[in-house]
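The next block holds one structure in the form of structure tokens; read it before the comments.
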Amino acid sequence: MNTRHATLHAPHRRSTNIVRTERVARLVAGLVVIALGIALLTAAGSVLSVVLGAVVVLVGIVLTATGGLGHCPLYQKLGYVPPSLRGHH
């Protein structure tokens, strides 16, 4: 009989790699970009403008999410840590 054992891992807590000022800026910019994307979608007259509006909304969502979470996966991938957060991991 072949039994599989599931390995349970504790959830990985992502470290904060965005400083407070940048977090606030990302939140504000993200909300503005989402609003612009929605405006583009509501005024869309072509397929291209619908696609552009959707992309703009997605960019706004990413900005808002990273600002809210305080973690940027791209920063992590690049190994970037703001100087004021170095040594706080």
Side-chain angles (χ1 to χ4, degrees):
M1 209 171 171
N2 186 5
T3 57
R4 294 183 184 175
H5 296 284
T7 304
L8 297 177
H9 296 283
H12 176 69
R13 180 166 165 78
R14 297 187 184 274
S15 61
T16 299
N17 64 0
I18 302 174
V19 296
R20 182 183 292 287
T21 305
E22 185 177 352
R23 288 181 75 175
V24 171
R26 284 177 184 238
L27 285 168
V28 171
L31 293 174
V32 169
V33 170
I34 289 170
L36 287 172
I38 290 171
L40 282 172
L41 286 170
T42 59
S46 68
V47 172
L48 180 61
S49 58
V50 169
V51 170
L52 179 62
V55 168
V56 170
V57 169
L58 287 174
V59 168
I61 290 170
V62 169
L63 285 169
T64 304
T66 56
L69 295 172
H71 180 82
C72 178
L74 181 60
Y75 280 3
Q76 181 180 17
K77 195 77 155 165
L78 296 173
Y80 174 74
V81 178
S84 63
L85 294 179
R86 290 183 187 151
H88 291 267
H89 292 280

Hydrophobic cluster (4.5 angstrom, side-chain heavy atoms) - remaining members for L74:
L78
Report the hydrophobic cluster partners of I18, with the cluster defined as I, L, V, M, F, W, Y residues connected by side-chain heavy atoms closer than 4.5 angstrom, directly or transitively.
Y75, Y80
Taking only residues at least two apart or on different chains, which pairs with a member in [range] satisfy side chain to side chain donor-acceptor pair (under 3.5 Å)?
range	result
residues 27-39	none
residues 30-43	none
residues 52-65	none

Distance-only criterion, 3.5 Å: show the donor-acceptor pairs between side-chain atoms of residues 54-62 and protein atoms not counting sequence neighbours.
none

Does any non-hydrogen side-chain atom of L85 lie less than 4.5 Å from one of S15?
no
Listed once per pair and sorted, the ring pair (Phe, Tyr, Trp, His ring centres under 6.0 Å) pairs that draw on residues 39-67, sequence neighbours left out:
none
Residue pairs passing the salt bridge (charged side-chain N to carboxylate O under 4.0 Å, His left out) test where at least one lies in residues 57-77, sequence neighbours excluded:
none
For residues 36-46, the salt bridge (charged side-chain N to carboxylate O under 4.0 Å, His left out) pairs (sequence neighbours left out) are none
I'd like to check the side-chain contact (heavy atoms from CB on, under 4.5 Å) partners of A44; sequence neighbours left out, ordered by chain and number.
S49, V50
Who pairs with T21 by side-chain contact (heavy atoms from CB on, under 4.5 Å), at least two apart in sequence or on another chain?
none
OG1 of T66 to CZ of R23, rounded to nearest 0.5 Å, is 9.5 Å
To the nearest 0.5 Å, how far apart are CG in L41 and CD1 in I34?
11.5 Å
Counting N and O atoms only, with roles assigned by atom type, does the side chain of N17 sit under 3.5 Å from a partner on the main chain of V81, one being a donor and the other an acceptor?
no
Apply salt bridge (charged side-chain N to carboxylate O under 4.0 Å, His left out) to R26 and list each qualifying residue two or more places apart in sequence or on a separate chain.
E22
same_hphob_cluster(L63, L40) at 4.5 Å side-chain heavy-atom cutoff
yes
